[in-house]
Amino acid sequence: MGILSDVAGHPLAQQFQTLGLGSQIAIAFAVFVVMSVVLNVASQIVFKNPNEPPLVFHWLPIIGSTITYGMDPPAFFRENRAKFGDVFTFVLLGKKTTVAVGPSGNDFILNGKLKDVNAEEIYTVLTTPVFGRDVVYDCPNAKLMEQKKFMKIALTTEAFRSYVPIISSEVQSYFKKDADFKGKSGVVDIPLKMAEITIFTASHALQGSAVRRKFDTSLAALYHDLDMGFTPINFMLHWAPLPWNRKRDHAQRTVAKIYMDTIKERRAEGDSNKELDMMKHLMNSSYKDGTPVPDHEVAHMLIALLMAGQHSSSSTGSWIMLRLAQNPHILEELYEEQVKALGADLPPLAYEDLAKLPLNQAVVKETLRLHAPIHSIMRAVKQPMAVPGTKYVIPTSHTLLSAPGVSATDPLYFPNPDMWDPHRWEPNAVNAPTIVQSSADEEKIDYGYGLVSKGAASPYLPFGAGRHRCIGEHFANVQLQTIVAEVVRLFKVSNVDGGNTLIGTDYASLFSRPLEPAKIRWERRD
Ligand code: HEM
């Protein structure tokens with residue numbers, strides 16, 4: 001009582017009471033912020049738990065390091081790794097997030113046991129409204145493993161043989177029809193073009209010609225609306241009745257219905273066509289217990305596959321074109337490689353031809369090393385996890401974050417790591433990776449969707465590792481290699497100013513991609 005009346009009687013308190021309500025609220029808020037900052041800083045200094053990884057210093061509670069991380073995740077990882085080593089924690093939107101990098105960090109998180117780590121708890125809020133119910137992260141992990149098996153089995157060599165001519169003809173007809181490629185030369189914003197080429201080639205190969213035709217009318221706009229649901233803000237606002245979420249929900253229902261109607265039509269017609277698309281395979285698959293995959297799950301898996309591949313492949317395709325514009329001599333080498341391996345008349349590309357074009361393959365591989373579209377892979381921690389070789393135990397209140405891009409750009413494994421050098425993948429190259437793992441030595445494991453290499457010792461994992469590893473790797477490689485081979489036949493590309501600069505990376509969306517506009521100059525080959 002005595003203290004309170006002393007405070008109330010203090011000249012400062014008396015002055016405060018004379019202020020208007022607005023000023024009083026502003027001052028109270030400022031005091032609250034200062035106190036929170038002081039308490040937050042004090043708690044970082046006083047409460048250091050030696051059994052938990054070091055915490056990246058931050059002034060503001062909740063916001064923590066969200067802004068510095070979000071602006072440039074790879075720079076954030078590099079800087080803090082230099083300070084703390086391979087394992088450290090930072091605050092991301094109020095959540096303690098532990099990063100573990102380097103080959104052992106990748107292994108610790110990506111090959112984590114099912115009882116310890118969980119992906120669906122993190123991703124479901126974002127993916128389920130976009131993909132639909134009962135697939136991928138809206139079902140138990142064992143069911144996802146079966147779904148991945150269906151998808152993987154469909155991607156046979158025979159299917160790939162049929163996809164290469166489909167992708168080639170889509171690319172050729174795109175460049176014939178697109179208004180921005182009229183004439184002998186011009187300038188284009190390449191990410192817009194690569195996004196269209198990616199969705200046309202993937203939908204035609206994976207979903208069949210009937211679905212592809214619908215992309216010229218209804219489907220392209222609907223996928224655009226679905227895409228709007230795939231933004232980082234929706235980790236928090238996925239439920240909110242906001243205009244983009246309403247559009248997302250309408251688009252999800254409409255796209256799923258289009259697929260389900262197509263499935264019904266194909267069943268009714270006896271589906272005698274020879275196409276080896278994913279829809280045909282999934283609508284004829286059954287779970288281990290004998291239950292046929294229901295039509296709504298087929299539809300939702302098709303949405304998931306197209307969305308999973310779209311951002312990653314389209315961003316990679318754009319980076320390839322930007323790198324070729326920065327290094328026109330490599331594009332000429334690619335052209336010469338085709339002439340030499342396939343003949344000066346450049347016959348129509350076949351699946352088997354891709355293996356005869358090692359530089360063409362290396363261009364994709366090297367671009368994924370420097371521009372992997374998925375910079376952060378997250379897992380919820382289900383049980384306290386001891387980090388091998390350290391005294392740290394990660395509690396269940398933390399999220400784990402894997403960033404395989406860190407080891408892919410580590411000078412320990414890749415000499416001159418920041419140099420885009422597709423030739424480094426050739427034997428005995430100057431910049432050849434210092435650890436080259438022979439595939440025979442790699443440990444293989446089956447999580448329920450076929451044997452995959454564990455990747456435990458590999459510093460290069462653009463397609464992830466473990467039970468959530470990408471099943472689209474081979475498709476993405478075939479798609480990108482075919483697109484590049486076709487572009488090289490038609491065009492030469494260069495930077496608009498003729499120099500060798502490269503545009504920066506946009507990390508604001510979920511997948512990293514070139515900042516836009518990202519323009520390049522093209523010139524038709526005669
Ligand atoms: C998973 C990368 C293309 C389908 C993943 C993961 C990565 C990745 C890093 C692991 C995610 C995690 O562990 O949380 C890429 C890259 C691509 C690409 C770099 C292209 C350059 C594709 C394509 C498809 C696809 C074309 C479909 C045809 C999937 C699926 C998963 C996956 C179904 C499994 C998700 C899970 O099990 O949780 N991808 N991907 N991806 N990707 Fe890809």
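Atoms within each ligand, like the ligands themselves, are counted from 1 in listed order. Positions are given from 1 along the sequence.
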Protein residues that have a heavy atom under 4.0 Å from any atom of ligand 1, sorted by chain and number: Tyr123, Tyr137, Leu144, Lys148, Leu206, Leu305, Ala308, Gly309, Ser312, Ser313, Thr316, Leu368, Pro373, Ile374, Ile377, Arg379, Pro462, Phe463, Gly464, Arg467, His468, Arg469, Cys470, Ile471, Gly472, Phe475, Ala476
Residue of the set Ile394, Thr399, Asn118, Thr98 for which side chain to side chain contact (heavy atoms under 4.5 Å, CB included) holds with Val381: Ile394
Lys/Arg-Asp/Glu bridge criterion (N-O < 4.0 Å) met for Arg81, Asp410: yes
Results of side chain to side chain donor-acceptor pair (under 3.5 Å) for Asp249 - residues two or more places apart only: none
Chi angles and distances behind the side-chain hydrogen bond (donor to acceptor under 3.5 Å, both in side chains) call for Asn111, Tyr447: CA-CA 10 Å; Asn111 285 311; Tyr447 290 99; 3.0 Å; yes
Stepwise ring-ring contact (aromatic ring centres under 6.0 Å, His included) check, Tyr163 with Phe475: CA-CA 9 Å; Tyr163 294 166; Phe475 179 81; 5.8 Å; yes
Mutual orientation of the aromatic rings belonging to His375 and Tyr507 [parallel < 30°, tilted 30-60°, perpendicular > 60°]: perpendicular
